[in-house]
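Keep in mind that what you see is a predicted model, and the values were worked out from it rather than measured. All values below come from the heavy atoms of this structure, side chains included, with hydrogens, waters and symmetry mates left out. Residue numbering restarts at 1 for every chain, and letters A, B, ... go by the order of the sequence lines.
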2 protein chains.
Amino acid sequence: MPLPPLNALRAFEAAARHNGFVAAADELCITRGAVSRHVKLLEAHLGVTLFRRTHRGVDLTAAGQRLLPVLTDAFSAIERETRSLTAQGAELRIICPPALSIRWLFPRLESFRRDHPEIRVRLTTEFYGQQGFDAAEYDLGISLEHRPGRSPDIEVQPLFPMVLSPACAPDLAEGGARLTDPHQVGAFTLLHESPRRSDWATWLETFGIGGVDVESGEVFPNLDMAVRAAVMGSGVVMADLFLCREELARGTLVLPFPDMRCETPEGRYCLIGPRDKWKDRKVRAFRDWVAGMSGMDTDAAR
Amino acid sequence: MPLPPLNALRAFEAAARHNGFVAAADELCITRGAVSRHVKLLEAHLGVTLFRRTHRGVDLTAAGQRLLPVLTDAFSAIERETRSLTAQGAELRIICPPALSIRWLFPRLESFRRDHPEIRVRLTTEFYGQQGFDAAEYDLGISLEHRPGRSPDIEVQPLFPMVLSPACAPDLAEGGARLTDPHQVGAFTLLHESPRRSDWATWLETFGIGGVDVESGEVFPNLDMAVRAAVMGSGVVMADLFLCREELARGTLVLPFPDMRCETPEGRYCLIGPRDKWKDRKVRAFRDWVAGMSGMDTDAAR
DNA sequence: GGCGTTGGATCAGTTTTCCTGATCCAACCT
DNA sequence: AGGTTGGATCAGGAAAACTGATCCAACGCC
C-alpha cells in the first residue's frame, strides 16, 4: 500500500502538535484553509477521524493520538539528518595524498581558514581509491597532471613540479662506504615511497642507470615515512625536492648527486575538481588561495 | 528549517533501496524521468550529492548512505501506522452501556458477524463520557431516545422500550417480613443501577409513593451488578423487564407488584450515530440487522 | 565494429496537487 | 448585539509533479 499524501501527513502532524490549524498554518507558511483541506484529505484517505473539532481548536481522537508520535518521530529524524547533510553540503571537501598533506597542505590550511572563516574545510588525508578521484565525495583533490584514467569532466589547475633526486643521511654520503657513484645506488638500501616503486624507476630510467634491482629495498606506505627512514640512515630515498625541503635545508638529508634531478612523466602536482563545481564560490576561493600560495612554492621547488 | 520536498525524499529512498531509478519508478508508479528529477532536486536542496551514477544504476555516496536508513525507518513506521489505521477505519465501532451490552447486544453479535463476515465490529462496553456520544470515536451507540444534550447531528433509530418494575429474590417477596405493600419498599434495601438513582425515583414518582428515602440503599456501577445483588437476596432492584427477562423466567427474581410497571421519561432504547455516517454501508448493515432483531425483542419486552 | 539493450538525463507540454483569498458559520466573550 | 477566533468550503490561480519523447553513455553480443 502506498504512503498517504505526505504533505497531508505533515499538515496533520503540525496541527496535532499545535492543537490547531491556525498555528500549524503559521509554522508551515500556508493558510488555515490549506491545513484544513490537508487534514480532511488525510482522514478520507485513511478512513478514520483524526481530530475532534472544537470552537477553539482541535483535539486528537484515539486514532489521531496513535498517529501523531509516529509522525513526529519520523519528521524529526528526517529534519535532523537533512539539516546535518545541508551543513555538510556547505563544507569544502578536499582529499590529499598523505605526504603532500602533512608536508604541504595541512600546515597551511590555517592560513586559508583565517582568510575564509566562512568556509568550513574538511581535509581527508588519503590516497584515492581504485577509481581515482571521487567527484561525488570530494570537491577538490591534489594529484599529478597526467595521471591516467582521469575522467574528462575533471578540471586541472597546475601547482608546482615534482622534482626527484636521491637523498640520504649525511654519513651515508660521506662515511666509509659512502655513496659517490650513481651507478652504485644498488649497493645501498633503496627506500620506496609506495608499492609501485615508480619514483626510483623513473629516476634510474631518466639517467640510464642499469643493473639496479628496483624490486629490492624497503617499501613504505607513503613518502613521508620513506623520508623519515632515510633521515635515520636506513638507506637512500628518491626524494621530492619540494616536500623534503626542510630536511635538505637542515642537513638531515643530503643529495649525493645534486645535479641529477628529474621530473616524473606524470607531470606537475595539480589541484583537481569536478567541472560542474569548478566555479562554485568556495572552490574558487580555495583555488585562488592555492594559486597565490603555490606561486611562491613553485619558485621554492626549483 | 523546513523539511525538504517530501516527495523527493520518497523518490530518493525508493531509488536507494533499489539501487536504480527504473525500479524505484515502478514501485512509485511514476516514470524514471520523474525519479531522476526528484533526486536532482533533493541534491540541489541539500547541497550534497547522494548518488554516484553508473551505467547500470546508481550507488550511494557517503551522504546518501547516511540519509537512507533514516528515511527507510521513517517511511516504514509511517506506512505501518497508516496501514493499521486504515484497517481500523474499516471497523464498525459501537459503544454500548454495560448492562445492555452484556445482557442484550454482546451475546447476539455472533449472529451479526455470521451474517456479515466482511464487517469487523469493535464493541466498546462502556457508558458515554461527560460529553455524551463521541461521533469522532464511534460509528454507533445505544442510548435512550430523549437523553438531553444530544447533538442535532445525531440520528436516532428506536429499538425497544425500557419498562421498569421492582424485582427481588422470591423469599424476599414471600418470607416472614415479605414485601407485599408498595408503600413499604422503603423498609427494604433499595438496589440502585447508578449513582443517579434515577430508575427508583421515576417509579416512585409514577405511582405517587412518598415517604421513601431514595438516597438510601446500595449503589452499583451498572444494572447488571444491581440485578445480581438482588438475586442474592440483598434487596429490591428497579428492574428493566427486558434486561432481567432471564431471571424472571427462571424465578430467581420475582415481581412483588407485577401490575405496577412504568417507562422512563427518557423514552425507548435506541441506536444512535452521526448523520454523516448514517448511510455508510456497514452502519446500514448493522441498523438493518438490529431492526430485524429488535422487532422480536420489542415484543418480548412487553 | 556495428547493433541492441539498459539506465540515467533533459525538457516541452500536460495534469495534478497545492495554495490563496474570500466568504461563511459556530461558539465564545464583552 | 457586536466583535473575535478558529475551522470549513470553494473558485481560481500557482506550483509541483508527471508523461512521453528524445538523447547519451556504457555495456554485451554477434
Is the A/Phe12 ring parallel, tilted or perpendicular to the A/Phe51 ring (thresholds 30°, 60°)? tilted

Can you tell me how far P of C/dC18 sits from CZ of A/Phe12, to the nearest Å? 17 Å

Roughly what angle, to 10°, lies between the helix axis at the start of the helix from C/dG1-D/dC30 to C/dT30-D/dA1 and the one at its end, five pairs per end? 30°

List the residues meeting salt bridge (charged side-chain N to carboxylate O under 4.0 Å, His left out) with A/Asp288, not counting sequence neighbours, and say none if there are none. none

Rounded to the Å, how far apart are B/His45 NE2 and D/dA17 C1'? 17 Å

Taking atom types as modelled, find out whether B/Gln88 and A/Arg66 have a side-chain donor-acceptor pair closer than 3.5 angstrom. yes

Decide yes or no on side-chain contact (heavy atoms from CB on, under 4.5 Å) for A/Ile154 and A/Arg275, but give the supporting numbers first. CA-CA 5 Å; A/Ile154 299 297; A/Arg275 176 165 297 127; over 6 Å; no

State whether B/Arg52 and A/Asp134 are salt-bridged, where the test is any N-O pair (Lys NZ or Arg NE/NH1/NH2 against Asp/Glu carboxylate O) under 4.0 Å. yes

Atom NE2 of B/His18 and atom P of C/dT6 are separated, to the nearest Å, by 18 Å

Counting heavy atoms from C-beta on, name the nucleotide in C/dC18, D/dA17, C/dT20 closest to the side chain of B/His38. D/dA17

Working to the nearest 0.5 Å, report the span between NE2 of B/His45 and CG of A/Leu85. 11.0 Å

Using nucleotides 7-9 of chain C, report all nitrogen or oxygen pairs with the protein that are shorter than 3.5 Å.
from  : atom 1 : to      : atom 2 : distance (Å)
C/dG7 : O3'    : B/Gly57 : N      : 3.4
C/dG7 : N7     : B/Arg32 : NH1    : 3.1
C/dG8 : OP1    : B/Phe21 : N      : 3.3
C/dG8 : OP1    : B/Val58 : N      : 3.4
C/dG8 : OP2    : B/Phe21 : N      : 2.8
C/dG8 : OP2    : B/Val22 : N      : 3.2
C/dG8 : N7     : B/Arg32 : NH1    : 3.3
C/dA9 : OP1    : B/Arg53 : NE     : 2.5
C/dA9 : OP2    : B/Ser36 : OG     : 2.7

Let me know the distance between CG of B/Leu6 and P of C/dT17, rounded to the nearest Å. 16 Å

Are B/Glu91 and B/Lys282 within salt-bridge range, i.e. N to O under 4.0 Å? no

d(CD1, B/Ile30; P, C/dT15) in whole Å: 18 Å

Do the ring planes of A/Tyr138 and A/Phe133 sit parallel (below 30°), tilted (30 to 60°) or perpendicular (above 60°)? tilted

Measuring from A/Thr49:OG1 to B/Glu137:CD, what's the distance to the nearest 0.5 Å? 8.0 Å

Interatomic distance, B/Asp153 CG vs C/dC25 C1' [rounded to whole Å]: 13 Å

Taking 4.0 Å as the cut-off, does a side-chain nitrogen or oxygen of B/Thr31 come that near to OP1 or OP2 on D/dT19? yes

